[in-house]
Asks: 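Below are the structure tokens for one structure; questions will follow.
Letters A, B, ... are given to chains in the order of the sequence lines, protein chains preceding strands, and every chain is numbered from 1.
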Amino acid sequence: MYGLGILKGLSVTMKHFVNTYVDDIKWGFGKRYTPGVLPARQSAEARGVFTVQYPEEVLPPQERFRFVPFLVYEGTDEERQYRCTACGICAKACPPQCIWIVRAKDPETGKPLRRPAEFYVDIDICMNCGSCAEYCPFDALKMDHDFELADHDRAKHIYDLQQLGQPVEYYAKIRPTYYAAEQEAKAAKADRAAKAKAARREKK
Amino acid sequence: MNEQVAESEGVQLDAAVGSVEQACQALREAFPGKVRPDEREGYEGVIVDADALVSAALLLRDELGFRYLSSVTGVDYANDGLLESVYHAYGAESGALVFKVQVDRGNPEVPSLVSVWPSANFQERESYDMYGIRYAGHPNLQRILTWEGFAGHPMRKDWREPYYEEDHKPFKTRHPDGGVFRAEDRTPFGRNVQYPPGFDPEKWEDTAQSSVYEGLMREVKEGGLQTECITINVGPQHPSTHGVLRVVVVLDGEEVVDLMPVLGYLHRNHEKIGERCTFPQIIPYTDRLDYVCSMSNGLGYVLAVEKLVGVQPPERAEYIRVIMAELTRIVNHLMAIGFLWNDVGAYFTPVIYAFNERELILDLFEMVSGSRMMCNYMRVGGVFEDLPTGWMEKAQALVFDRLPRFVDEFHRLLTENEIWRSRSMGVGILPAEQAVAMGATGPLLRASGVPYDIRRVEPYSIYDRFDFDVVVRHNADVYDRFLVRMEEMRQSLRILRQAMSQIPAGPVQTGKKNWTIKAPAGEVYHRIEAPKGELGFYLVSDGGSNPWRYHVRSTSMINLTPLAEMCRGHKVADVVVILGSIDITLGEVDR
């Protein structure tokens, strides 16, 4: 019968329409509009309404999510101790070359120091590929989760050392698995070093 | 429907007579002194003299069975004063036969092969545009990606872009005394445009446009009512061209008389950018080619580099790659079908249904790579990182349960719809012979009855371990392309189910990842079955850490070659449907 195919298709849309209400009942009506239920709304089990009303509702990003880099520092905001040693590997590895680093120099001797005097990232050029964080040998540079960077003024889009810095706690918060793994590796390394030291001492 | 998905059926490409070596031998014998083997270290194939090219090509096509010309491109050997035109031809089951023509850089002229393989049409124009190689006898040798006021040929080694800093990244100004600057502060806007000598933009008349209009066919009517054809531009800003594609259409009433795609509105010289980068630095740029299938693009590129460098990724990484590539295929086909329906006029219902599932797959991509679309996940000798905890469970829930059900539901929603059938059946016919000659690949070719799938013909990665059918349909119309894509999603799910149950534990990277790799001198061409068709990467290395030549055999652009052929005689409303059935991404067309 002509038109049967269309009716078949319409039965599918009808099923979806009904399912939104079935799903609503399943979630106890208002419950599906609370932040905790958001990930369930867009999951493999979801049958009903799929949409997340951004920006009113925001899905939490995945741990590996990457957006423009930040520099990890230890210590307080006033006395920042950056992990960065100004080795320049990130600046070299960056595909669009959006990282500029000035190495700090000893004011008396003029010898280069292992920390950055200035550090710039042009976030207009940055393509969020994550190469800098991937190849950083000191875990000093990580990719951020904050993607809402729109601005009226382009001049603000060259981030300097001050804007790029984030405390290590922030890093531990957004990437807990990576932070834990790092801490573990560090502890193991320190442990090995202590043991080697003890062994040397015993030999003496 | 499934009974028609048999592999053995269908028009076969003529089996190549003998192997590639035998074909080279036959060529040398047929043209003594004019065909010589390419003896440079790391190179393959033969070098043909320009005057013997067309007859050698005819011999290859008609006698030796190399009926499909995959890629045409140029290479600039500036140090030797040579420009080279490189061709890759394939038979039904043979590997690539590479042949080259070397010409003087000062006066580069090569005979055109459009008469032998129509698929060379756009590619020769691109090579002319980028390198200035003139293809004598080409029916329409004009710039294709840049415009007429463009000075020079951008892929030549001595051509420098505005904001030029150095030949190779990393730039020296970045470290250790990097004073930050914006590129446009150095070269303010307005002064970074170079014009060819004698070119005055004020007095410029757009002859290229008028020649496009004049070059199109017009019907001359004899007797009867005298009507005039009209020429209209569809695009570059048109919702149904899937991006900034412009199609010039000549209409007689509502009927298409002739048509021509005009490209280049999204051109950014991807290949030049690639030549400035080190080998691993190109990977994130490949994501931006066909931005719907970034995982497949990355896969194709790293496979080419691995072939050049000689690295073998570990077992687990191979499985992860296949899983990602097949998920990408599903994403692409969902979008292709959804937007094809949009073009027909089913306002957004199929797209949004498809996007639900796509969203879930993109969630998986975000979990594993950190980004939903620009994944940057493949690495030379492995992948970025192992699958995170919980990924496999989520993916299996999708692949074993939700997606198969969805594909069935999608079938119920779309396949038997009478309006859809009447709009798509018998529309945009591309016979198998023409499809092969014009270089159509992917679902477009398979819907024309040619069971050609690179995963089967020339298995790369570990595709030889999986059971799957090469989907073929025979009516060669829009409806069949739709059905091929539907069935390919099922086949992808089949591969995914096998890969997900077989995946071993272990490392995901061979050796240490590095941001720069030194590759031995030589050339390599690697092609994969990307969701849209054959995606090839041609790399030439001079032994350094960045490619001397980096070329993308763009599926979408070459699949546009038969567009005019398919549209002639149909109504103007069918043009968007036929275009939708080809499934192009402008990021890849214009590069």
Asks: Quick check on A/P116 against chain B: is it the side chain, the backbone, both or neither that has a heavy atom closer than 4.5 Å?
Replies: neither
Asks: Please output the residues of residues 380-388 of chain B in contact with chain A, using a heavy-atom cutoff of under 4.5 Å, in numerical order.
Replies: B/F384, B/E385, B/D386, B/L387, B/P388
Asks: Are the side chain of B/H175 and the backbone of A/C87 linked by a donor-acceptor contact shorter than 3.5 Å?
Replies: yes
Asks: Going by the side chain to side chain donor-acceptor pair (under 3.5 Å) test, which pairs reach into residues 5-14 of chain A, not counting sequence neighbours?
Replies: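 As it turns out, the side chain to side chain donor-acceptor pair (under 3.5 Å) pairs with a partner in residues 5-14 of chain A, which skip direct neighbours, are A/K8-B/E416.
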Asks: Pick one of side chain, backbone, both or neither for A/D160, based on which atoms fall under 4.5 Å of a heavy atom in chain B.
Replies: neither
Asks: Does anything in residues 83-131 of chain A pair up under ring-ring contact (aromatic ring centres under 6.0 Å, His included), and if so which pairs, sequence neighbours excluded?
Replies: A/W100-B/F181
Asks: Can a salt bridge be assigned to the pair B/E366 and A/R64 using a cut-off of 4.0 Å between side-chain N and carboxylate O?
Replies: no
Asks: Please classify the contact between A/E118 and chain B as side chain, backbone, both or neither, with a heavy-atom cut-off of under 4.5 Å.
Replies: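 Nothing of A/E118, per the 4.5 Å heavy-atom cut-off to chain B.
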Asks: Could you walk me through whether A/K92 and B/F171 pass side-chain contact (heavy atoms from CB on, under 4.5 Å), step by step?
Replies: CA-CA 7 Å; A/K92 285 176 197 153; B/F171 299 147; over 6 Å; no
Asks: Would you mind checking which part of B/F410 comes under 4.5 Å of any heavy atom in chain A, side chain (CB onward), backbone (N, CA, C, O), both or neither?
Replies: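 Looking at B/F410, nothing touches chain A.
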Asks: Under 4.5 Å heavy-atom distance to chain A, tell me which part of B/R402 shows up: side chain, backbone, both or neither.
Replies: side chain
Asks: Side chain, backbone, both or neither: which part of B/S369 has a non-hydrogen atom closer than 4.5 Å to chain A?
Replies: both
Asks: Does the B/R174 side chain pair with the main chain of A/Q97, one donor and one acceptor, at a distance under 3.5 Å?
Replies: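 Confirmed, B/R174 side chain pairs with A/Q97 backbone.
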Asks: With a 4.5 angstrom heavy-atom cut-off, which part of A/Y2 approaches chain B: side chain, backbone, both or neither?
Replies: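 For A/Y2, heavy atoms of backbone and side chain both lie under 4.5 Å from chain B.
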Asks: At a heavy-atom separation under 4.5 Å, does A/P61 approach chain B through its side chain, its backbone, both, or neither?
Replies: both
Asks: Given that the side chain runs from C-beta out, which part of B/L360 has a heavy atom under 4.5 Å from chain A: side chain, backbone, both or neither?
Replies: side chain
Asks: Heavy-atom cut-off 4.5 Å, strictly under: side chain, backbone, both or neither for B/D287 against chain A?
Replies: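 Contact with chain A is absent: no heavy atom of B/D287 under 4.5 Å.
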Asks: Has B/N417 got a side-chain atom pairing as donor or acceptor with A/I6's backbone, closer than 3.5 angstrom?
Replies: no
Asks: Checking the side chain of B/R412 only, and the main-chain atoms of A/G5 only, is there a donor and an acceptor separated by less than 3.5 Å?
Replies: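 Side chain of B/R412 to backbone of A/G5: no pair is present.
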Asks: Judged by atom type as modelled, is there a donor-acceptor pair below 3.5 Å linking the side chain of B/E418 to the main-chain atoms of A/G3?
Replies: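 Checked: pair present.
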Asks: For the backbone of B/S371 and the side chain of A/Q62, can you confirm whether one donor and one acceptor N or O come within less than 3.5 Å of each other?
Replies: no
Asks: In terms of heavy-atom proximity below 4.5 Å to chain B, should A/E63 be classed as side chain, backbone, both, or neither?
Replies: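 The answer is neither part of A/E63.
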Asks: Within residues 161-177 of chain A, which residues come under 4.5 Å of chain B, heavy atom to heavy atom?
Replies: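 Not one residue of residues 161-177 of chain A has a heavy atom under 4.5 Å from chain B.
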Asks: Considering only heavy atoms, which portion of A/I101 lies under 4.5 Å from any heavy atom of chain B: side chain, backbone, both, or neither?
Replies: both
